[in-house]
Amino acid sequence: MAIALGMKACEMGLAARFYTVTELVLKLAEARKNGVLERLVSDIRRLDLLILDEWGYVPVDKEGSQLLFRIISDSYESKSLILTTNLEFSKWGGIFTDQQMAAAMIDRLIHHGHLLVFEGQSYRMEHALMRKTASERSKGGDEHGR
């Protein structure tokens, strides 16, 4: 859904970019190390839509959390953000190492935000090759899966 919205934004002539959170944090840290952080932040500021995927899947260290907070804070009320996550808000403090920073991020995100909750079977799980193979075996194949 997030990618489809990003593609539609591009079709409409809007500047959009997609990152996994891990990818963005690594890119920000590398830019800081190389002295080009302000250039990267400026590039991100010019976007109309920023899509951050896999929010909270991998813990972020203190520096990464601060850099990510800067992007969220800079984006607040100036661009559209789409975040994908399977974590409820109460778990964010543990991922971003700081409860106050997590609360400040949540505050900015929900102020003008919309929360969409998708329930039901995961598309990936439903269409997983391993699941199909196991199902086929149980429908009449022998012990060798034939």
Side-chain angles (χ1 to χ4, degrees), residues 1-139 145:
M1 176 82 65
I3 292 171
L5 290 169
M7 292 179 70
K8 184 63 176 177
C10 291
E11 288 172 6
M12 295 171 57
L14 299 171
R17 180 130 331 127
F18 174 97
Y19 293 102
T20 65
V21 170
T22 302
E23 174 188 19
L24 179 58
V25 168
L26 290 173
K27 193 173 196 98
L28 290 164
E30 184 71 19
R32 176 185 267 175
K33 179 180 155 191
N34 294 331
V36 293
L37 179 61
E38 294 311 312
R39 185 181 320 149
L40 177 57
V41 169
S42 179
D43 289 346
I44 293 171
R45 274 193 192 121
R46 285 194 286 274
L47 297 173
D48 298 302
L49 171 63
L50 177 59
I51 301 169
L52 299 176
D53 192 27
E54 300 176 353
W55 186 269
Y57 283 35
V58 177
V60 178
D61 66 11
K62 185 173 181 167
E63 177 190 8
S65 295
Q66 291 169 342
L67 292 167
L68 193 56
F69 177 77
R70 179 172 178 193
I71 297 302
I72 299 301
S73 186
D74 283 355
S75 299
Y76 176 61
E77 295 189 324
S78 69
K79 78 170 67 339
S80 295
L81 289 170
I82 297 175
L83 305 179
T84 67
T85 186
N86 63 355
L87 289 180
E88 56 196 53
F89 292 137
S90 64
K91 305 271 195 263
W92 285 23
I95 298 300
F96 298 105
T97 69
D98 182 326
Q99 293 289 344
Q100 281 99 3
M101 190 180 317
M105 277 195 240
I106 292 166
D107 184 59
R108 284 161 178 78
L109 292 169
I110 66 171
H111 181 222
H112 297 297
H114 301 278
L115 177 64
L116 302 176
V117 177
F118 296 92
E119 296 178 355
Q121 182 70 23
S122 159
Y123 177 85
R124 289 183 186 131
M125 290 299 288
E126 189 174 317
H127 294 90
L129 182 59
M130 288 175 63
R131 182 182 172 122
K132 286 182 182 179
T133 304
S135 176
E136 289 167 3
R137 272 189 240 151
S138 69
K139 288 183 181 176

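Taking CD1 of Ile82 as the reference point, atom CG of Leu50 lies at 9.5 Å (rounded to 0.5 Å).
Here the side chain of Ser73 pairs no donor or acceptor atom with the backbone of Phe69 at under 3.5 angstrom.
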Side-chain donor-acceptor pairs of residues 107-116 under 3.5 Å, sequence neighbours excluded:
unit_1, atom_1, unit_2, atom_2, d
Arg108, NH1, Ala104, O, 3.1
His111, ND1, Tyr76, OH, 2.6
His112, NE2, Glu77, OE2, 2.6

Could you pull out all donor-acceptor pairs under 3.5 Å where a side-chain atom in residues 3-26 meets a protein atom, sequence neighbours excluded?
unit_1, atom_1, unit_2, atom_2, d
Thr20, OG1, Glu23, N, 3.0
Glu23, OE1, Thr20, N, 3.2

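Arg45 meets the side-chain hydrogen bond (donor to acceptor under 3.5 Å, both in side chains) test with Asp74; sequence neighbours excluded. The side-chain contact (heavy atoms from CB on, under 4.5 Å) test applied to Ala102 returns Trp92, not counting sequence neighbours. In terms of the salt bridge (charged side-chain N to carboxylate O under 4.0 Å, His left out) criterion, residue partners of Asp43 (sequence neighbours excluded) are, by chain and number, Arg46.
The two residues Leu87 and Trp55 come nearest to each other via the heavy atoms CD1-O, 4.3 Å. Looking at every heavy atom in both residues, Ser75 comes nearest to Ile71 through OG-O, 2.7 Å. In this structure, Ala2 and Ile51 approach most closely via the heavy-atom pair O-CD1, 3.3 Å.
Within the 4.5 Å cutoff, the side chain of Met101 has heavy atoms near those of the Met105 side chain.
Listed by first and then second residue, the side chain to side chain donor-acceptor pair (under 3.5 Å) pairs involving residues 27-37 are Glu30-Asn34, Arg32-Glu63 (not counting sequence neighbours).
Few gaps surround CZ on Arg70; more than 12 heavy atoms of other groups in view lie less than 6.0 Å from it.
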